[in-house]
There are 2 protein chains.
Amino acid sequence: MPRMGSAPTTNRAVMHDVARLAGVSHQTVSRVLNGHPHVRETTRERVMQAVRQLNYRPNALARGLVSKRSRSIGVLSFDASLYGPSSALLGIQRAAQEQRYAVTVVTLSQQDPGGVQRAAGMLAEQSVDGVIVIAPSNAAAHAIQDLPPGLPTVALEASFSKDMPVVVVDQFAGARLATEHLLRLGHQTVWHVAGPADWPEAVLRIEGWRAALSAGRLAGPPLLAGDWSARSGYQAGRQIAATPGITAVFVANDQMALGVLHALHEAGIKVPEQVSVVGFDDMPEAEFFHPALTTVRQDFDEVGRSGLRTMIEMLDGSAPVAAEARVAPSLIVRASTGSPA
Amino acid sequence: MPRMGSAPTTNRAVMHDVARLAGVSHQTVSRVLNGHPHVRETTRERVMQAVRQLNYRPNALARGLVSKRSRSIGVLSFDASLYGPSSALLGIQRAAQEQRYAVTVVTLSQQDPGGVQRAAGMLAEQSVDGVIVIAPSNAAAHAIQDLPPGLPTVALEASFSKDMPVVVVDQFAGARLATEHLLRLGHQTVWHVAGPADWPEAVLRIEGWRAALSAGRLAGPPLLAGDWSARSGYQAGRQIAATPGITAVFVANDQMALGVLHALHEAGIKVPEQVSVVGFDDMPEAEFFHPALTTVRQDFDEVGRSGLRTMIEMLDGSAPVAAEARVAPSLIVRASTGSPA
DNA sequence: TACGGTCCAGAAACCGTTCTCCGAAATCCG
DNA sequence: CGGATTTCGGAGAACGGTTTCTGGACCGTA
């Protein structure tokens, strides 16, 4: 027995209500809403009027179920508390809203081994049209290799990837910029506080630094390793303070640079008079470090934006299956660098 | 003419496939998956076997369409680039994943007037079960008053709210903690660099500061106003440096405190010897400011977590319609505070 | 007047689930 | 061993849309 049409448990209008009010069938409403042709202007008006009157909004679930396009994308983010990843996420969000895409976010610490599978499963369950992965570490990049193959995927900040488009900031160029800046100021050589070896970004910054040094026929001093945190920068800074003769340091991110500055100051070493320091990222606070930090700006917003653009291109069929978009960094010179005494 | 069952355009298994493989009907599969009774153990096993073999995952769209529960929540965030809101978002995410809820995020700048309507509409379209709003400013809190009334809503960091549960950190207590710490050190009075007047958090910190002062029968010095940014803190810092006799400053957040420290140092004023500075938030970098910043820690993670807990309670019917959860802050004493000379 | 072609708009199938009946098989009781 | 009662599992109607198919109204033309 078909249920009697009564007792609206919820007050939300559905397409049928609109149709009834406009005196047409629900398919006609659908046609109007999706801009299909063959609808008389007067009919279209009547329908739109009814839509406004009932404040009708189509149900995305129902629409997605039949049309196979949910107009939502998933974002899978690792290390979401770091400045880079969280900024990229913000960029994706902004861009997605402009394009009227919904964004479902899953954050993961790459410690969690089965996490990627679970997360991917969850996103697939939600029927997202595609997934943008922010995978700046090798562990993360490796983990995403076994995302379901049918799912359109774009990787951000990931350097190796089987066959998915990637959007990255040119770390190599950025590191060269920083190192060359210091060499041009007259420093004999430049030390480097690196990020974790597991991160392609860290590795590329090392390579850019080495490239700039060898262009000047300089051997690289030993590497100091950090883990991106200000604390690890502080520890590296203490080593630097204890090593005589160091006049210039390129630090792989701003937070570690903050730690380095802290350690140097603690040791009574003046920046930039005795040691010049360059960071990487240009986080908003960098300008107010003590002294104001010379650093390399990464446009994370553009990375996110570009990632979504690529995603949409894939979904629309004009698919660059494995292209790489590269965003250029820029050097911001402030007070933490100067010529050696 | 019914379509012939052929040509699987996608390779994703649906419930019917599982049913066929297990030799049962799709309803039985549904029963097994949802833990309904009246299924023989052997049948259950056969179904689970088929599920594993086909790597079947139920389609959340279809499930949500019929069951009216999408097991997804929306997060509406203002000022998402700030430390507090973004940390709260992270807390929500973590908690949601544990509870197997999907999270759809929309970020808004409160400049955008129609934004809330659009965002709420979008979330409603996605059929989220509820919305958690991170609305730390009055403009934001005001904007969310006209969210669709049917939608379960929890507000975070919002102080006034018509009839929705709220989760906040006790700003008043935190500000008192900070101010009392300075007074106990022997300072005659404490200056305050406030956040924007539009923010309840900023106002409550002012009130907490005033309360601590008047408990010591002290009149409050004039207020210095900032906008949360390090730059505005820097400007306030220059004023402080130009005003003789100031020995203690309570700054309404860490980023502004950074700016204050920068300005004081630039003016040759020593911290904490000449001026003591306390911040608010305890962002990860605060420990490595120069000097290490005494500050008030807010557990944003707990705020997000608590927000989701409240949300789920509402959804489960045990609805605290307009309760308020209050998270306690704690004082972290570091090197930027000391007794006056 | 009869005829073929557009324009409109309705009927009905379908997407992949959950849920409400209902009938058949299995179990219990006397 | 027969009938009442439970257990098990199937049929089919929703949910709220999109899409294909179909047919009536209207037009110009012969």
Side-chain angles (χ1 to χ4, degrees), chain A residues 1-20 22-47 50-51 54 56-71 124-127 129, chain B residues 1-20 22-47 50-51 54 56-72 124-127:
Chain A
M1 172 177 56
R3 179 178 89 130
M4 294 305 161
S6 66
T9 52
T10 176
N11 48 8
R12 184 163 167 191
V14 301
M15 191 175 268
H16 199 80
D17 302 330
V18 176
R20 195 168 13 184
V24 298
S25 75
H26 72 281
Q27 308 82 327
T28 301
V29 177
S30 171
R31 266 192 282 259
V32 169
L33 261 39
N34 296 299
H36 287 181
H38 303 315
V39 177
R40 190 160 21 201
E41 190 49 42
T42 64
T43 310
R44 180 184 307 278
E45 251 332 304
R46 248 194 1 263
V47 169
V51 164
L54 295 175
Y56 167 75
R57 308 194 125 268
N59 181 322
L61 263 43
R63 190 199 287 256
L65 183 56
V66 53
S67 71
K68 305 292 187 193
R69 288 285 239 99
S70 63
R71 209 171 180 83
E125 237 173 84
Q126 300 287 326
S127 303
D129 291 339
Chain B
M1 172 178 55
R3 182 177 86 131
M4 294 307 161
S6 65
T9 52
T10 177
N11 46 6
R12 184 165 167 190
V14 300
M15 191 176 270
H16 197 81
D17 302 330
V18 176
R20 193 168 15 182
V24 296
S25 76
H26 71 282
Q27 307 80 331
T28 301
V29 177
S30 173
R31 265 192 280 260
V32 171
L33 260 39
N34 295 299
H36 287 180
H38 304 316
V39 176
R40 187 162 23 205
E41 191 50 43
T42 63
T43 310
R44 181 185 306 277
E45 252 329 305
R46 249 196 357 262
V47 169
V51 164
L54 295 175
Y56 167 75
R57 308 195 126 266
N59 181 324
L61 261 44
R63 188 197 290 251
L65 182 58
V66 52
S67 70
K68 304 291 186 194
R69 286 287 240 100
S70 61
R71 210 174 179 78
S72 78
E125 239 172 84
Q126 301 287 325
S127 304

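Each chain gets a letter, A, B and so on, in the order its sequence line appears, and its residues count up from 1.
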Exercise for review: Mind calculating the distance between NE2 (A:His38) and C1' (D:dC21) to the nearest angstrom?
Suggested key: 14 Å

Revision key, fill the gap. Quick note, A:Val24 side chain, CB onward, closest among C:dT18, D:dT18, C:dG10 is C:dG10

Study note, to complete from the structure: To the nearest 0.5 Å, atom CG of B:Leu61 lies from atom CD of A:Glu125 at 11.0 Å

Check your understanding: Quick one: is A:Arg40 getting a side-chain N or O under 4.0 Å of the C:dC8 phosphate, OP1 or OP2?
Key -> no

Check your understanding: Checking only heavy atoms, does the side chain of A:His26 share a donor-acceptor pair with the base of D:dT18 at less than 3.5 Å?
Key -> yes

Practice item. Give a yes/no on whether any side-chain N or O of B:Tyr56 is located under 4.0 angstrom from OP1 or OP2 of C:dT17. Key: yes

Review point. Rounding to a whole Å, what distance do you find between B:His16:NE2 and D:dG10:P?
Key: 11 Å

Exercise for review: Would you please confirm or rule out a distance under 4.0 Å between OP1 or OP2 of D:dC15 and any side-chain N or O of A:Asn59?
Suggested key: no

Review point. Just how far, in rounded Å, is P of C:dT18 from CG of B:Leu61?
Key: 13 Å

Check your understanding: Quick one: does B:Arg46's side chain have a donor or acceptor within less than 3.5 Å of a partner on B:Val24's backbone?
Key -> no

Check your understanding: Closer than 4.0 Å, any side-chain N/O of B:Thr43 to the OP1 or OP2 of D:dG9?
Key -> yes

Review point. The side chain of B:Val14 lies closest to which of these nucleotides: D:dG10, D:dG9, C:dT17?
Key: C:dT17

Exercise for review: Drop me the distance from B:Arg31's CZ to B:His26's NE2, to the nearest 0.5 angstrom.
Suggested key: 10.0 Å

**Study point:** Gap between atoms CG and C1', on A:Asn34 and D:dT18 respectively (whole Å)
**Key:** 8 Å

Check your understanding: Can you check whether B:Ser30 has a side-chain N or O nearer than 4.0 Å to OP1 or OP2 of C:dT17?
Key -> no

Exercise for review: Let me know the distance between CG of B:Leu33 and C1' of C:dC19, rounded to the nearest Å.
Suggested key: 15 Å

Review point. With distance as the sole test, does B:Arg71 use its side chain to make a donor-acceptor pair with the main-chain N or O of B:Gly64 at under 3.5 Å?
Key: no

**Study point:** Short side-chain to backbone donor-acceptor contact, B:Ser70 and B:Ser127, under 3.5 Å
**Key:** yes

Check your understanding: Phosphate oxygens OP1/OP2 of C:dA9: is one of them under 4.0 Å from a side-chain N or O of A:Ser25?
Key -> no

Check your understanding: Counting side-chain heavy atoms from C-beta on, which of D:dT19, D:dG9, C:dT17 comes nearest to A:Gln27?
Key -> D:dT19

Practice item. Could you say whether B:Leu65 or B:Thr42 is positioned toward the 5' end of DNA chain D, judged by the nucleotide with the nearest heavy atom to each? Key: B:Thr42

Review point. So, is A:Thr28 close to the C:dA9 phosphate, meaning a side-chain N or O under 4.0 Å from OP1 or OP2?
Key: no

Study note, to complete from the structure: note: A:Arg69, atom CZ; C:dC14, atom C1'; distance rounded to Å ~ 19 Å

Exercise for review: Rounded to the nearest angstrom, tell me the gap between atom CZ in B:Arg63 and atom P in C:dT17.
Suggested key: 8 Å

Check your understanding: Does B:Arg31 make a side-chain donor-acceptor contact with the base of D:dG9, cut-off 3.5 Å?
Key -> yes

Study note, to complete from the structure: Checking D:dC8, D:dG17, C:dC15 against the side chain of A:Lys68 (C-beta onward), the nearest is C:dC15

Review point. Between atom CD in A:Glu45 and atom P in C:dA9, what is the gap in whole Å?
Key: 13 Å

Check your understanding: Which pairs pass salt bridge (charged side-chain N to carboxylate O under 4.0 Å, His left out) with one or both residues in residues 33-45 of chain A, sequence neighbours excluded?
Key -> A:Glu41-A:Arg44, A:Glu45-A:Arg52

